[in-house]
Amino acid sequence: MPEQTAFTVRSGDVTRWSQTLIPTLREAPAEAESPSHVLMLRAGYIRKLGAGIYDYLPLATRVLSKVSNIVRQEMNAAGASELLLPVLLPTELYAGTKRDVDYGELLFKIHDRKNASYALGPTHEEPITELVKGSVTSYKQLPVNLYQIQTKFRDEARPRSGLLRGREFIMKDAYSFHTAVEGPGGLNETYDAMYTAYSNIFRRCGLSFVPVEAESGPIGGSASHEFMVTCESGEDTILRCPVSGYAANVEKCEIGARPRGTFNEPPTGELTEVHTPNLPGIDEVGKFMKVKPDRMLKSIVFEIKGSEGSRDQGTGKARWALAVVRGDHDVNEGKVKIAVRAITGDEKATVALADEKAARAAGFAIGYVSPRTVNSVPGTVLLVDNDASGGGFWASGSDKPDHHVKHFNWRREVGAALDDASKVCVVDVRNAIVGDPSPRSEGAKLEAAKGIEVGHIFKLGTKYSEAMGFEVLLADQQRKPVIMGCYGIGVSRTMAATVEQNHDADGIRWPMPIAPYHVIITLLRVDEEGPKTTAMEIAKKLAAIGLDVLIDDRDERPGVKFKDADLIGVPIRLTVADKALAVGAVEFKVRGAAEGANGGGKGTLCPLADVVSWCAQAARDGGLA
RNA sequence: CGGGGCGUAGCGCAGCUUGGUAGCGCGUUUGGUUCGGGACCAAAAGGUCGGAGGUUCAAAUCCUCUCGCCCCGACCA
């Protein structure tokens, strides 16, 4: 701490439990399931107002503001400026970008008294682009990076896990505008700065996290990274290469070189048809036929939409993509798209899971499709995953309802088409799984971990600026759409993810930097003036060096106070009571250290004169800057 | 949106099958005894049984409709 500066150094807060609202619960409400949800409810951080809608009580608000402040500091340091945009957005704003349609049901739509249509902002690409478009008149004003911390809305199909997936949540979203991708002031420079800022933010929050390569999703764009807080209860699976450090989510993860089959292995037997009625999934079919899923071929039909956006039936152009993977693998749509672009040469082609009716009409026996349809359905390209391309025994659909076949053999069943590179290729079209070869380090195998996405950065490119007509005249007299990036952090989700990652049987264990209070003073006898005065004096001294202090001055029994202190998760506990005071000391304990059998643990006697230095040291050890 | 489940006191639950005065634990209030890991004794307050309609002499309980919430899946920051 600097002894003297021209400006006020932040002093800590002192709050008395009896004067604030921390309604702890002995039993968790039945509706809560995930650890963060249960604990934040029980510890009096949040209350539910409706599905996916929560009150933030004082403790939660303190955590949120600490997270927000770290976010602000790092964003500001990285050259971004804070602003505040409206939540309420006229639907016309989406006219150019069509995101009201793309976002679909997720967009929270409302109507005013005149029945005009509005959306509650889920993110703010449109309003920010509108704003900057109207304010930036010269390329010389770029680049600029603007952010806000604000409540966002999504009409989630299924809100769940408390704050982890709500319909209303707090998010920091930043948007940058550039005239170039490369070079000083370019998108890449800001993207990299954001990557660093995000790493700083989550590190400073005291979280274990990993940045992973990701698909850019409905926001659109070219490159993106997700920041994942690692924890067992995470919904997302991330894959990592232990050697190179490569990490990606399942949707994006590449797979290293794999051997491919030759298609020319000898058959294992006569092609045999098996009647397999009323079996919904590949596992059921496999069980019925007594074939392991990894010896079955799963054929999924995708519809190709060319860059013209129209379907080209009968013109010789590809209309269908049949992705074939092993029965125990999952097809990856993003990889199918890439493969389709390569095989058709159409760089803007997109794919979507085929509409069942349309696919049936074209000749696919959905549910019973085999690779043979590359010959029977015109305009079909066949994308065979490496692991599905070899010889040996295969079971497959039979191209007619309720039947499968055994002893499928590539050469015998599909024939010459296999050699036509414009119709068939062997590529990676499946999701990576644990144990797959690393794409970045030969011989290394991918490892899996669970995580919660708390941050996401995108290179948007010109998607929004083009749609909304935001162009600037560059130095070379060329008029070009502005290049954008966007960068989000789920602030309320970060709080919840922190709890998911940092808790024990007794309650929350906040990392020091974002704990609602750094120190809780547990006052055992409230009816005696001496201890009370001592507690207040200690609190003032701690506040003076910038620590936030909660004094539990409730008239409760010691057991209740200790349990509650552990529950709400304040990192340092000082117990002020007769015995220690008699020897001029208080009891000092760091949350989680040397817990007794039932969460007990007495801590150590700390002479009154040393209380401030002990707490300061513990706060520093806990990562408080 | 598909499947499953639940709405009874602030929280957790029983009662419903077989209709007949709405109950238990925790919490709350008052008094007393206590006081280092969710004390004890005594007294008390607190309920449109999610809502609407129906059947019945009578409905928390049976029937119909409806609203809300949770979990799994689809989807998704």
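In what follows, chains carry the letters A, B, and so on, assigned in the order in which the sequence lines appear, proteins first and then strands, with residues in each chain numbered from 1. Because the structure is a prediction, the values reported are computed rather than measured.
- Of the nucleotides present, none pairs with rA45(B) by Watson-Crick or G-U wobble criteria with both distances under 3.5 Å.
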Using a cut-off of 4.0 Å between protein heavy atoms and nucleotide atoms, how would you tag nucleotides 23-31 of chain B 5' to 3' with B, S and -? --BSS----
Would Asp173(A) and Tyr175(A) count as a side chain to side chain donor-acceptor pair (under 3.5 Å) if you check the C-alpha gap in whole Å, the side-chain angles of each, and the deciding distance to 0.1 Å? CA-CA 7 Å; Asp173(A) 49 327; Tyr175(A) 308 89; 2.5 Å; yes
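- Between rA77(B) and rG4(B), the two C1' atoms lie 27 Å apart (nearest whole Å).
- When the P atom of rG36(B) is taken as reference, atom CD of Glu528(A) falls 12 Å away, rounded to whole Å.
- Classification of the His456(A)-Phe458(A) ring pair by plane angle, with boundaries at 30° and 60°, yields parallel.
- Rounded to an integer number of Å, the gap from Asp555(A) CG to rG38(B) C1' is 15 Å.
- Applying the Watson-Crick and G-U wobble criteria (two distances, each under 3.5 Å), rA60(B) pairs with nothing in any strand.
- Crowding of Arg204(A) atom CZ: a count of heavy atoms from other residues, nucleotides or ligands under 6.0 Å exceeding 12.
- For rC69(B), the paired nucleotide is rG5(B), the pair qualifying as Watson-Crick or G-U wobble because both relevant distances are below 3.5 Å.
- For CD of Glu528(A), the number of neighbouring non-hydrogen atoms (other residues, nucleotides, ligands) closer than 6.0 Å is greater than 12.
- Along RNA chain B, the nucleotide closest to Asp527(A) and the one closest to Thr24(A) are compared, and the more 5′ of them pairs with Asp527(A).
- Between Arg557(A) and rA39(B), a side-chain N or O to OP1/OP2 separation shorter than 4.0 Å is present.
- In this structure, Gly166(A) reaches the bases: a heavy-atom distance under 4.0 Å links it to at least one base atom across the strands shown.
- Lys450(A) and Thr230(A) form no side-chain donor-acceptor contact under 3.5 Å, judged by distance and modelled atom types alone.
- When each of rA77(B), rC70(B), rA74(B) is scored by its nearest atom to the side-chain atoms of Arg160(A), the top-ranked nucleotide is rA74(B).
- Look at the C1' atom in both rC49(B) and rU33(B): the space between them is 38 Å, to the nearest Å.
- Picking from rC35(B), rC76(B), rA39(B) the nucleotide with the shortest atom distance to the side chain of Val560(A) gives rA39(B).
- Closest approach to the Glu156(A) side chain among rG38(B), rC72(B), rA77(B) is made by rA77(B) (side chain taken as heavy atoms from C-beta onward).
- A 4.5 Å side-chain heavy-atom check between Leu106(A) and Asp155(A) finds every atom pair outside the cut-off.
- For rC76(B) and rC72(B), the C1' atoms lie 16 Å apart once the distance is rounded to whole Å.
- Checking rG36(B), rG37(B), rC69(B) against the side-chain heavy atoms of Arg573(A) singles out rG37(B) as nearest.
- Under 4.0 angstrom from either OP1 or OP2 of rC72(B) there lies at least one side-chain N or O belonging to Arg158(A).
- The side chain of Asp566(A) approaches rG37(B) more closely than any other nucleotide in the set rG37(B), rC75(B), rA77(B).
- Counting any heavy atom pair closer than 4.0 Å across all strands shown, Arg47(A) reaches no nucleic acid atom.
- Separation of the P atoms belonging to rG50(B) and rC26(B) is 24 Å when rounded to the nearest angstrom.
- Counting to the nearest Å, the C1' atom of rC75(B) and the CD atom of Glu235(A) are 11 Å from each other.
- Only the C1' atoms considered, rA22(B) is 8 Å distant from rU8(B), to the nearest whole Å.
- Pairing for rA74(B) is absent, judged as Watson-Crick or G-U wobble with the two contacts each under 3.5 Å.
- Looking only at side-chain heavy atoms (C-beta outward), Tyr94(A) and Val101(A) stay at 4.5 Å or farther from each other.
- Within the nucleic acid shown, Lys561(A) has no heavy atom closer than 4.0 Å to any nucleic acid atom.
- Here the closest heavy-atom approach between residue Leu39(A) and residue Ile508(A) is recorded as CB-CG1, 3.9 Å.
- Pair assignment for rG38(B): none, as no Watson-Crick or G-U wobble contacts are both less than 3.5 Å.
- For rG36(B), the base is not stacked against the aromatic ring of Phe562(A), per a cut-off of 5.5 Å between centres and 30° between planes.
- Going from atom CD1 of Ile149(A) over to atom NZ of Lys172(A) covers 8.0 Å, rounded to the nearest 0.5 Å.
- rC41(B) and rG37(B) are spaced 23 Å apart, taking the C1' atom of each and rounding to whole Å.
- When both pairing distances are held under 3.5 Å, rC11(B) makes a Watson-Crick or G-U pair with rG25(B).
- With Ile22(A) as the partner, the side chain to side chain contact (heavy atoms under 4.5 Å, CB included) test is satisfied by one option alone out of Leu550(A), Asp552(A), Leu567(A): Leu550(A).
- For the 3.5 Å distance criterion, the side chains of Asp100(A) and Thr91(A) fail to qualify, holding no donor opposite an acceptor.
- The Lys579(A) side chain lies nearest to rG36(B) when the options are rG36(B), rG38(B), rC75(B).
- Considering only side-chain atoms of Arg493(A), the nucleotide from rC71(B), rA77(B), rC35(B) that sits closest is rA77(B).
- Near RNA chain B, meaning a heavy atom under 4.0 Å away, the residues from residues 28-36 of chain A are Ala28(A), Pro29(A), Ala30(A), Glu31(A), Glu33(A).
- In the set rG38(B), rG37(B), rC1(B), rC1(B) carries the atom at the smallest distance from any side-chain atom of Ala157(A).
- Tested against Tyr54(A), the residues Arg47(A), His37(A), Glu168(A), Lys48(A) include a single side chain to side chain donor-acceptor pair (under 3.5 Å) partner, His37(A).
- Across all strands shown, nothing is found opposite rG19(B) as a Watson-Crick or G-U wobble partner with both distances under 3.5 Å.
- Atom CZ in Arg525(A) sits 12.5 Å away from atom CG in Leu581(A) (nearest 0.5 Å).
- Nucleotides rA45(B) and rA58(B) place their C1' atoms 30 Å apart, quoted to the nearest Å.
- rG23(B) and rC16(B) have their C1' atoms separated by 14 Å, with the value rounded to a whole Å.
- Rounded to whole angstrom, the span from the CG atom of Asp552(A) across to the P atom of rG37(B) amounts to 15 Å.
- With RNA chain B read from its 5' end, the first of the two nearest nucleotides for Gly50(A) and Met171(A) is the one closest to Gly50(A).
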